[in-house]
Asker: 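Starting off with a structure, shown below.
Please read all numbers here as calculations on a predicted model, not as lab measurements. Index from 1, following the sequence.
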Amino acid sequence: MDGDALHPIGELARRTGLTVKTIRFYSDRGIVPPAGRSPAGYRLYGADAVARLALVRTLRELGLDLPTIREVVDRKIPLSDVAAAHAEALAVRIRVLRLRHAVLTAVARRGSTPEETELMHKLAGLSEHERRRLVGDFLDAVFPGADAAPASAGVMRSMTPELPDSPEPEQLDAWLELAELSQDPDFRAAVRRLAEDDAADRAAAVVAGSAGLSGSAGLSGHALGSGAVPRRDPVAVVRDVAGPAVAAGIDPDSPRADPVVTSVTAHYADVLGRQDDTALRHRLLARLVAVGDPRWERYLQLLAVVNGWRAPESPTPVLDWFSRALRARTPAVTTGTADTFRRA
């Protein structure tokens, strides 16, 4: 189709690969109007018709509606504006499809009940504002009065999942499981007890005149302390001191484990300004049991996936080893002590 020559619809169909019926459809709607008529009344098209039909085909495949396409080919609206609007709409659709994929994948993997499936579907469809409100409700329940406790506020920030605008499938899947876990009343109660024990240790450390425990004390095992002589959280100390013993294959019941236990309990006693006695050791055991809750470890794993952080190393082997070693060297809790050793 060259120059000013006009060509019948059949020639146009051969050149574009479209059917005569399709070209006639576009022509009737003014998207590719004929340039003239033959003496017998048949439509004739100019050289630009091939280019217009190629553009129409592309825009249709991209999902644009016919009225918009007509405005584009007639240059009434810039193609760039149309492309931007449809790209945004497609992004929303892609997000919805990813959410649905995450829900279906989770249902297939877990063998979820209809009720669990409905919950996951609702969680997946939450807006960013609704997600933040859900997470905020969980953290407020776990850290009551955090506004008056800067350390707790710091822990809350470190425990907040931030699902990106364009999450990967594994991030969506992790978000679903994390959101579901955060609604578990038993898990909420367990994390709240962990936070309360953490706060009690920090308060005791301040009274003892130590540098104190930072906001992440007992929850993430980070280095602690904000004063001139920083202290370390007992969980972090257990990990650092007992880790080499676990790697060396030392039996927690053997005499070789004695200095490991003594080192950790002495540190804990120093932080709290107390003696290394039975009450203190049971208090430490309670902390280790709380931190070793598999649901808490799972929360931290899911949090890392959602936020794109490096996967945390599991503390379970070291905590289990040290807890066994500590129990072997600590008298059993007597009647009347069980309810008080956490506050000792």
Side-chain angles (χ1 to χ4, degrees), residues 63 86-143 154-195 216 218-222 235 239 290-320:
H86 279 264
E88 183 176 352
L90 282 174
V92 174
R93 186 178 179 187
I94 289 170
R95 178 179 177 274
V96 171
L97 290 175
R98 282 181 169 177
L99 289 171
R100 291 176 181 172
H101 178 267
V103 170
L104 291 173
T105 300
V107 169
R109 187 181 65 249
R110 302 179 193 176
S112 303
T113 65
E115 293 75 18
E116 290 170 335
T117 301
E118 182 179 1
L119 173 60
M120 285 190 289
H121 178 65
K122 290 179 179 179
L123 293 174
L126 295 178
S127 66
E128 180 181 359
H129 173 72
E130 291 169 329
R131 290 198 305 270
R132 289 184 178 276
R133 186 172 60 185
L134 181 146
V135 172
D137 177 64
F138 164 66
L139 295 177
D140 286 343
V142 171
F143 297 99
V155 181
M156 290 176 67
R157 286 193 297 271
S158 72
M159 289 175 59
T160 301
E162 298 284 354
L163 191 67
D165 293 334
S166 299
E168 296 297 327
E170 59 269 19
Q171 289 178 301
L172 285 171
D173 194 22
W175 155 252
L176 285 174
E177 186 177 344
L178 187 149
E180 192 175 8
L181 179 60
S182 71
Q183 302 308 297
D184 182 346
D186 290 339
F187 177 65
R188 287 190 173 202
V191 178
R192 178 160 181 168
R193 286 193 299 270
L194 180 59
S216 56
L219 296 180
S220 60
H222 291 173
V235 177
R239 184 181 58 202
V291 174
D293 187 326
R295 296 172 301 178
W296 172 241
E297 182 176 351
R298 184 59 179 162
Y299 183 95
L300 295 180
Q301 292 171 342
L302 295 169
L303 181 66
V305 174
V306 172
N307 289 354
W309 298 341
R310 185 174 63 183
E313 182 179 354
S314 174
T316 300
V318 174
L319 293 182
D320 287 350

Asker: For the atom pair CD (Glu130) and CZ (Arg133), what is the distance rounded to the nearest 0.5 Å?
Answerer: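 That separation rounds to 6.0 Å.
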Asker: Over 60° means perpendicular and under 30° means parallel, so classify the ring planes of Phe138 and Phe187, tilted if in between.
Answerer: parallel
Asker: Provide the closest heavy-atom pair for Ala179 versus Ser182 in the form atom of the first, atom of the second, distance.
Answerer: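 Here Ala179 and Ser182 meet closest at O-OG, 2.8 Å.
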Asker: Which heavy-atom pair separates Ala304 from Ala311 by the least distance, and what is that distance?
Answerer: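 Answer, listing the atom of Ala304 first, then Ala311: CB-CA, 4.3 Å.
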Asker: Could you tell me which residues satisfy side chain to side chain contact (heavy atoms under 4.5 Å, CB included) with Glu313, sequence neighbours excluded, listed by chain and number?
Answerer: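 Side chain to side chain contact (heavy atoms under 4.5 Å, CB included) check on Glu313 returns nothing, list empty.
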Asker: Look up atom CD in Glu180 and atom CG in Leu176, then write down how far apart they are to the nearest 0.5 Å.
Answerer: 8.0 Å
Asker: Using a 3.5 Å distance criterion without hydrogens, assess whether the side chain of Asn307 forms a donor-acceptor pair with backbone atoms of Trp309.
Answerer: no
Asker: Under the salt bridge (Lys or Arg N to Asp or Glu O under 4.0 Å) rule, collect the residues that match up with Asp184, sequence neighbours excluded.
Answerer: none
Asker: How far apart are the closest heavy atoms of Gln171 and Gly308, and which atoms are they?
Answerer: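 Residues Gln171 and Gly308, closest heavy atoms: NE2-N, 4.1 Å.
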Asker: Run the side chain to side chain contact (heavy atoms under 4.5 Å, CB included) test against Val306 and tell me which residues pass, sequence neighbours left out.
Answerer: Pro161, Leu163, Ala174, Trp175
Asker: Shortest non-hydrogen contact from Trp296 to Val191?
Answerer: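 Heavy-atom minimum between the residues: CE3-CG2, 4.1 Å.
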Asker: Out of curiosity, Asp293 CG to Arg298 CZ, how far, rounded to the nearest 0.5 Å?
Answerer: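 Reported to 0.5 Å precision, the distance equals 13.5 Å.
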Asker: Could you list the residues that satisfy side chain to side chain contact (heavy atoms under 4.5 Å, CB included) with Ala189, not counting sequence neighbours?
Answerer: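 Checked Ala189 against side chain to side chain contact (heavy atoms under 4.5 Å, CB included); matches are Arg193.
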Asker: For Val135 and Thr160, work out which heavy atoms get closest and say how close.
Answerer: CG1-CG2, 4.2 Å
Asker: I need the Leu300 CG to Glu297 CD distance, nearest 0.5 Å.
Answerer: 8.0 Å
Asker: Does Ala141 have any side chain to side chain contact (heavy atoms under 4.5 Å, CB included) partners at least two apart in sequence or in another chain, and if so, which?
Answerer: Arg188
Asker: Going by salt bridge (Lys or Arg N to Asp or Glu O under 4.0 Å), name the residues that satisfy it together with Glu162, two or more places apart in sequence or in a different chain.
Answerer: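 Once residues adjacent in sequence are excluded, the partners of Glu162 under the salt bridge (Lys or Arg N to Asp or Glu O under 4.0 Å) criterion are Arg132.
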Asker: Is the shortest side-chain heavy-atom distance between Gln183 and Leu134 below 4.5 Å?
Answerer: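 In short, these two side chains touch, coming nearer than 4.5 Å.
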